[in-house]
2 protein chains.
Amino acid sequence: MPEIPDPIKEQCEKKGGLKGIEKALPSKKNIKSNSQIFKALAEPMRLKILLAVIEQPLCACLIREMLGISDSKLSYHLTVLKDADLIEGSKQASWIIYGPTKLGTKMADIIDKF
Amino acid sequence: MPEIPDPIKEQCEKKGGLKGIEKALPSKKNIKSNSQIFKALAEPMRLKILLAVIEQPLCACLIREMLGISDSKLSYHLTVLKDADLIEGSKQASWIIYGPTKLGTKMADIIDKF
DNA sequence: TTGCGGTTTCAAAAAAATTTGAAATGGTGT
DNA sequence: ACACCATTTCAAATTTTTTTGAAACCGCAA
């Protein structure tokens with residue numbers, strides 16, 4: 001191990017060294033799951049979709065119209081949000097109406113706090 | 001406009017149509033800035049780095065040792081976190097010690113709530 | 001000045017994510 | 001059954017992000 005500045009080194013040792021720090025971190029599963037949520041929200045268009053369907057549940061065709069993108073592009077982005085459990089769709093006749101999940105609403109609250 | 005299911009259509013109109021919904025969303029700037037933060041946290045390794053430097057400020061060499069990755073790979077990921085204003089580095093002799101920003105700490109609190 | 005250690009930068013390669021347009025699927029109406 | 005509409009799936013193309021290893025930079029010590 002290289003010679004680290006003393007205060008850093010001592011504090012690190014106090015926490016059990018690198019092993020100790022790593023042990024204090026959340027589980028790999030938790031980190032993975034959180035990063036999936038963040039990834040879904042990492043694209044402005046997907047953020048916009050989530051916030052819009054919180055404002056008002058919308059079918060894909062209205063979302064598509066609002067954003068001005070292709071059907072398949074929209075479908076891709078909706079799937080990312082769905083897979084991250086941020087939105088859910090419910091079938092009404094020919095239409096699928098998308099709205100937020102609890103988690104989706106909670107994440108939007110967080111965005112409001114910034 | 002295609003014929004949308006009536007309840008959806010009416011609620012939508014009540015909110016000023018698609019234009020009204022879009023107007024109710026945060027600014028493009030705000031969405032962009034938020035998505036940058038989410039993107040920085042979208043990669044498990046970067047999440048881990050943030051949580052570790054919250055636990056204990058660390059120099060790059062200790063982070064590198066903990067994660068077992070190359071110097072340049074680490075540098076890249078640290079830069080993503082820095083650019084998103086989640087971590088900051090301060091120079092101590094040969095070392096740069098990384099710790100969380102206020103925003104970084106706040107985001108970590110959020111992770112704890114899930 | 002030179003040598004060394006810590007860290008970043010760089011450009012090309014590799015990997016991952018996204019976009020695209022066509023095809024497929026499912027439901028409704030005639 | 002056929003036609004139409006809403007939406008997803010698919011595979012290839014495109015774009016973006018990440019990784020890689022070498023070079024460069026910076027500061028400290030002799």
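This is a predicted model, so every value here is computed, not measured. Chain letters run A, B, ... following the sequence lines, proteins first, then strands; residues in each count from 1. Side chains are part of it too, since the values below use all heavy atoms of this structure and drop only hydrogens, waters and symmetry mates.
Phosphate contact (OP1/OP2 of D/dT14, side-chain N/O of A/Y76, threshold under 4.0 Å): absent. Phosphate contact (OP1/OP2 of D/dT17, side-chain N/O of B/H77, threshold under 4.0 Å): absent.
Applying the salt bridge (Lys or Arg N to Asp or Glu O under 4.0 Å) rule to A/D85 yields no partners; only residues at least two apart in sequence or on another chain are considered.
Comparing the local axis fitted to the first five base pairs of the helix from C/dT1-D/dA30 to C/dT30-D/dA1 with the one fitted to its last five gives a bend of 10°, rounded to 10°.
Rounding to whole angstrom units, CH2 of residue B/W95 and C1' of C/dT8 are separated by 17 Å. In this structure, the CD atom of A/E65 is 10 Å from the P atom of D/dA6, given to the nearest Å. Rounded to whole Å, atom P of D/dT7 lies 11 Å from atom CD of A/Q92. Going from atom CG of B/L81 over to atom P of D/dT18 covers 11 Å, rounded to whole Å. Distance, A/I96 CD1 to D/dT7 P: 6 Å, rounded to whole Å. Between the NZ atom of A/K39 and the P atom of C/dA16 there is a distance of 9 Å, given to the nearest Å. Between the CG atom of B/L78 and the C1' atom of C/dT7 there is a distance of 10 Å, rounded to whole Å. Rounding to whole angstrom units, NZ of residue A/K73 and C1' of C/dT18 are separated by 8 Å.
Annotation: side chain of A/T105 is not in contact with side chain of A/K102 (no heavy-atom distance under 4.5 Å). Residues A/K48 and B/E22 form a side-chain contact, since some pair of their non-hydrogen atoms from C-beta on lies under 4.5 Å apart. Under the 4.5 Å side-chain criterion, counting only non-hydrogen atoms from C-beta, B/I21 is in contact with A/L58. Side-chain contact between A/I63 and A/L78 is present, with heavy atoms from C-beta onward closer than 4.5 Å. For the pair B/I49 and B/L74, the minimum side-chain heavy-atom distance is below 4.5 Å. Side-chain contact between B/I69 and B/Y76: absent, with no pair of heavy atoms (C-beta onward) separated by less than 4.5 Å.
Counting non-hydrogen atoms under 4.0 angstrom, A/R46 reaches the backbone sugars and phosphates but no base. If you check every strand for non-hydrogen atoms under 4.0 Å, B/S94 touches sugar and phosphate atoms only.
When the nucleotides C/dT7, D/dT7, D/dT20 are ranked by their closest atom to the side chain of B/S70, D/dT20 comes out on top. For B/A93, whose side chain is taken as the heavy atoms from C-beta onward, the closest listed nucleotide among D/dT9, C/dC10, D/dC28 is D/dC28. Residue B/Y98 places its side chain closer to C/dT8 than to any other of C/dT9, D/dT8, C/dT8.
Positionally, the nearest nucleotide of DNA chain C for A/E43 lies more toward the 5' end than for the other of A/E43 and A/K91. When each of B/V80 and A/K82 is assigned the nucleotide of DNA chain D with its nearest heavy atom, A/K82 is the one assigned upstream, toward the 5' end.
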